[in-house]
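Below: the structure, in structure tokens.
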Amino acid sequence: MSKGPQRVRGTQDIFGEEADRFQRVVAAFDKVRRLYGFRRVETPVFEATEVFARSIGETSDIVSKEMYTFPDRGGDSLTLRPEFTAGLCRAYISEGWQQHAPVKLATHGPVFRYERPQKGRYRQFHQLDAEIIGSGEPLADVELLVLAHQLLQELGITEGVMLQLNTLGDAATRDAWRAALVAHFEAHRAELSEDSLVRLDKNPMRILDSKDPRDRPAADTAPAIDEFLTDEARTFFEKVTAGLDAAGVPWTRNARLVRGLDYYRHTAFEFVTDRLGAQGAVIAGGRYDGLIEALGGPPTPAVGWAAGIERLAMLIETVKNRPLIVSIIIEDEQDRGRAELIKARLRAGNIAVVEAFRGNAKKRVEWAKREKHDGIVFVRPEGHPLGAFHLQRLDEGAGEEHGRIRTAVFAALGEPMMLSSVKSE
RNA sequence: GCGAUCGUAGCUCAGUUGGUUAGAGCAUCGGUUUGUGGUACCGAGGGUCGGGGGUUCAAGUCCCCUCGAUCGCCCCA
């Protein structure tokens, strides 16, 4: 189409109402995380490649195919963060945050994955992230889930999103279950899809949630993890579910919800919607008690989740209750001084004021209407018999709104008679 | 990496079985009427029809390649 540089694939320029919704998600998260005592942290957008490679497993082809990795000038390999967790764990180790343990952390920002874009999926996208590092208590899992639930409530996402919950058990449980799964699928090798035959070697648990109908019979008859839960693991999961019930957070068990990497233990969960096509997970997380140790730190239990800001933003309504905004229109630049005074007073009164930079009065009126401003303040010439300005309200219907803009503008402009007089209704 | 659909002015789109100088609305710019409760009037600028190649007397319209978009598969830390 047009010449000049183009947006690179999988990136987005977020503008206008979409940007407002994006910001609303972030604001809600910031509000809620404070209510739970999560501390805001900022970590680098890139890390040594090793941080992510070790967190994901060096053998995984995620590392080679789906991360933005590049050498810096000194020859070190760096990687744009594909998630927050690994970087936060690195910081926990390298910055001595162990002294704060258990520490509750919240952050948000861009993350990067080299993937094919599709609905709700970008190469640079944005996440909210909450982690509790240094606590192995089921209470920590519960608190994160209640926090996530409240975030959705805060955003008005009350329908069409369900919390799916599972347990992966402790290390002993996981190993036993995995072995049983492999044995089961090996026995049904002939029935599996080509994709699942590959999964059998690389990531057998993923066969459980395969979308290929050919895999369903074998997947549906696969041994359930419950048969392998140790007493400790079972007790842990029961405490989590009991906590959710006590907090009034609805959930459903999804025994096929799995995590491929070995350091995941116990709780795994996703808040899932059917409103976003194939990318249905809006908040996902779990307990990763083995990760920090894998990164070279001390054995440290931890649990956390991440949420896609774009996906949440797609689920919320247009921002309502925006602050009042008025257009100011002057007819003659000679009135500039008075106009600036009025603008300053309105803004001091918490009323947003904008002024079209060009066009005659007619065009400016049309612009204000098009932009759906709440009103127009016409600045009158010096000595005008009807006063210094005239307020025209542009709001639709809503009688309450009518009064609101009038009251607010007159209050902000203070003693209107000092500016001259104000036209009454 | 794979598949399907799509790609015409800044934006949203029309463009008949391929046929003369490619259209509309909105936006932009200019002017008229004006002096104000979302649509007054007139006019103008703006497109090598994503890019390249091919078929044809003739291609926005057909074929191939390429790039991009959308949705899905794989993957999903």
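Every value quoted in this text rests on a predicted model; they were computed, and no experiment measured them. In what follows, every chain begins at residue 1, and chains take the letters A, B, ... in the order their sequences are listed.
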Using the [atom1] atom as the point on both nucleotides, what is the distance between [M] and [N], in whole Å?
N      : M      : atom1 : value
C62(B) : U17(B) : C1'   : 12 Å
C73(B) : A77(B) : P     : 15 Å
U34(B) : A40(B) : P     : 16 Å
A58(B) : C2(B)  : C1'   : 38 Å
U61(B) : U8(B)  : C1'   : 11 Å
C49(B) : A44(B) : P     : 23 Å
C64(B) : G47(B) : P     : 31 Å
A9(B)  : C26(B) : C1'   : 12 Å

Nearest to side-chain heavy atoms of [X], which nucleotide of [options]:
X       : options                : answer
Q279(A) : A77(B), C71(B), C76(B) : C76(B)
Y264(A) : G72(B), A77(B), G37(B) : A77(B)
R113(A) : C73(B), U36(B), C76(B) : C76(B)
K119(A) : G37(B), G72(B), C75(B) : G72(B)
R116(A) : G68(B), A77(B), C2(B)  : C2(B)

Side-chain N or O of Q118(A) closer than 4.0 Å to phosphate OP1/OP2 of G72(B):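 Q118(A) to G72(B) OP1/OP2: side-chain N or O found under 4.0 Å.
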
Distance below 4.0 Å between R123(A) side-chain N/O and C76(B) OP1 or OP2: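 Answer no for this pair, as no side-chain N or O of R123(A) is under 4.0 Å from OP1 or OP2.
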
Set of residues satisfying side chain to side chain donor-acceptor pair (under 3.5 Å) with respect to R216(A), sequence neighbours excluded: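 R216(A) satisfies side chain to side chain donor-acceptor pair (under 3.5 Å) with D220(A) once adjacent residues are dropped.
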
Range-with-range stems of RNA chain B (Watson-Crick or G-U pairs under 3.5 Å, three or more in a row):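 Stem list for RNA chain B: B:1-7 with B:67-73, B:10-13 with B:23-26, B:28-32 with B:40-44, B:50-54 with B:62-66.
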
Contacting residues from residues 188-199 of chain A, given that a heavy atom lies under 4.0 angstrom of RNA chain B: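 Heavy-atom cutoff 4.0 Å gives D195(A), R199(A).
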
Sugar-phosphate only, base, or nothing, as touched by G285(A) at under 4.0 Å among non-hydrogen atoms: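 Here G285(A) touches no strand at all.
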
Sugar-phosphate only, base, or nothing, as touched by N203(A) at under 4.0 Å among non-hydrogen atoms: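 Result for N203(A) = sugar-phosphate.
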
Pairwise N/O distances under 3.5 Å, protein to nucleotides 26-30 of chain B:
residue	atom	partner	partner atom	Å
U28(B)	OP1	R370(A)	NH2	3.3
U28(B)	O3'	R358(A)	NH2	3.3
C29(B)	OP1	R358(A)	NE	2.6
C29(B)	OP1	R358(A)	NH1	3.3
C29(B)	OP1	R358(A)	NH2	2.8

Salt bridge (Lys or Arg N to Asp or Glu O under 4.0 Å) partners of [X], counting only residues at least two apart:
X       : result
R364(A) : E355(A)
D76(A)  : none
R33(A)  : D30(A)
E47(A)  : R90(A)

H266(A) and F236(A) aromatic ring geometry - parallel, tilted or perpendicular at 30°/60° bounds: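 It falls in the parallel class, under 30°.
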
Geometric class of the F38(A)/Y36(A) ring pair [parallel <30°, tilted 30-60°, perpendicular >60°]: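 The arrangement is perpendicular - the two ring planes meet at more than 60°.
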
Measure [atom1]/[X] against [atom2]/[N] and give the value in whole Å, please.
X       : N      : atom1 : atom2 : value
M205(A) : A77(B) : CE    : C1'   : 15 Å
F271(A) : C76(B) : CZ    : P     : 22 Å
R259(A) : C76(B) : CZ    : C1'   : 9 Å

Residue pairs fulfilling ring pair (Phe, Tyr, Trp, His ring centres under 6.0 Å) with at least one residue in residues 122-147 of chain A, sequence neighbours excluded: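 Counting only pairs at least two positions apart or across chains, the ring pair (Phe, Tyr, Trp, His ring centres under 6.0 Å) contacts touching residues 122-147 of chain A are F22(A)-H126(A).
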
Partner set under side-chain contact (heavy atoms from CB on, under 4.5 Å) for V365(A), not counting sequence neighbours: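 Checked V365(A) against side-chain contact (heavy atoms from CB on, under 4.5 Å); matches are I329(A), K369(A), I376(A), F378(A).
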
All ring-ring contact (aromatic ring centres under 6.0 Å, His included) counterparts of W97(A), not counting sequence neighbours: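 Partners of W97(A) by the ring-ring contact (aromatic ring centres under 6.0 Å, His included) criterion come out as none, since no residue qualifies.
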
Short N-O contact, K343(A) and E340(A), less than 4.0 angstrom: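 Yes, K343(A) and E340(A) are salt-bridged.
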
Salt bridge (Lys or Arg N to Asp or Glu O under 4.0 Å) partners of residues 133-151 of chain A, not counting sequence neighbours, each pair once: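 Salt bridge (Lys or Arg N to Asp or Glu O under 4.0 Å) check on residues 133-151 of chain A returns K104(A)-E143(A), D141(A)-R287(A).
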
